[in-house]
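Some notes on the structure that comes next.
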Amino acid sequence: AAAAAAAAATMSSINSDVDMDDAENKDSANTSTDLDPQKTQQPLANHIRFFKNGRAMGKTGVAFNDVIPGTYHPAVSCYMDGSAQLNFGPHFVYPPKDVPADTKIIPVSELCPMPPLPEDAMEFVLSTGGSGGNGSSGTATPKKIFFSKRTNDGIVAAFKELVRTEATVRREAHEKHLGLHRREIAAMRRERGLDATLS
């Protein structure tokens, strides 16, 4: 099944959808100008499509087809006093609708995964498993311990505490951001008379 991104995402034989949350303009997408027919054909390869209030712009929303596989990051160019507010997910005021059954929407926010738990970060940093290939279970295979056996115990303890502290701060900041994001999207959905329940 093809995977799709709701803003722009890693593409490797996947579809990349761009969801443009238009919070103020509730006009039907049918009022937008159809894109070039050659570009709005049903996508067969990597592609980028645009949505307005959850509905595909033009016939299918496809603006670019046969995109070279890779990781793509969204960018906005504003003129003079122009401004733009972007929502990279994982929740949207107007989630994309009528997406092909074999297409999975993946928000661009997944390019920034949840930071690991402090214990997992500790295990990763204290070994070179992150750069040493994968084992049969699909997890990183540790190669050697970061510190030698002759390293002072105080230095090791201090280093572990630093790793634990940084990992805790990063994890808590990410969770705080997700909570704020959920509240903002839920409030915007309520303002528009939409279901504010977020999965």
Side-chain angles (χ1 to χ4, degrees), residues 1-115 173-174 177-199:
T10 302
M11 297 194 299
S12 178
S13 298
I14 68 171
N15 298 330
S16 180
D17 284 12
V18 181
D19 184 86
M20 303 297 286
D21 258 353
D22 184 349
E24 302 302 329
N25 190 342
K26 295 184 173 59
D27 294 338
S28 168
N30 293 330
T31 62
S32 61
T33 303
D34 282 351
L35 301 176
D36 187 290
Q38 186 176 1
K39 293 182 180 180
T40 56
Q41 60 183 313
Q42 190 63 26
L44 299 176
N46 301 331
H47 68 277
I48 297 174
R49 71 173 75 191
F50 291 86
F51 294 84
K52 177 180 178 181
N53 294 344
R55 298 186 181 280
M57 299 180 68
K59 294 180 180 179
T60 64
V62 179
F64 304 97
N65 208 352
D66 295 324
V67 179
I68 298 175
T71 300
Y72 292 80
H73 300 272
V76 176
S77 179
C78 296
Y79 179 71
M80 297 295 286
D81 295 328
S83 64
Q85 181 176 356
L86 306 181
N87 173 17
F88 297 132
H91 303 289
F92 297 95
V93 177
Y94 299 96
K97 299 177 181 178
D98 302 322
V99 177
D102 62 344
T103 300
K104 180 181 178 182
I105 298 296
I106 303 175
V108 73
S109 58
E110 291 201 8
L111 287 175
C112 181
M114 173 73 78
H174 194 278
H177 166 74
L178 288 181
L180 177 61
H181 170 70
R182 288 175 60 89
R183 291 192 294 274
E184 289 180 339
I185 298 302
M188 293 174 73
R189 290 179 64 85
R190 281 193 294 270
E191 290 175 359
R192 291 156 180 77
L194 303 173
D195 181 9
T197 303
L198 302 175
S199 58

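For clarity, every value in this text was computed on a predicted model and none was experimentally measured.
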Shortest non-hydrogen pair, T71 vs L111, comes out as CG2-CD2, 4.1 Å

For [X], enumerate each residue passing the side chain to side chain contact (heavy atoms under 4.5 Å, CB included) test, keeping only those at least two apart in sequence or located in another chain.
X: E110; answer: I106, P107
X: A84; answer: V76, C78, L86
X: L178; answer: P90, M114, H174

Inter-residue atom distance I185.CD1 - L198.CG, 0.5 Å rounding
7.5 Å

Rounded distance [0.5 Å steps], CG in N87 versus CE in M188:
7.5 Å

Residues at least two apart in sequence or cross-chain that pass side-chain hydrogen bond (donor to acceptor under 3.5 Å, both in side chains) with R182, listed by chain then number, are H91

For D195, which residues count as a side-chain hydrogen bond (donor to acceptor under 3.5 Å, both in side chains) partner, sequence neighbours excluded?
T197

Quick one: does [X]'s side chain get under 4.5 Å of [Y]'s, heavy atoms only?
X: V99; Y: F51; answer: yes
X: V67; Y: Y72; answer: yes
X: F88; Y: P74; answer: yes

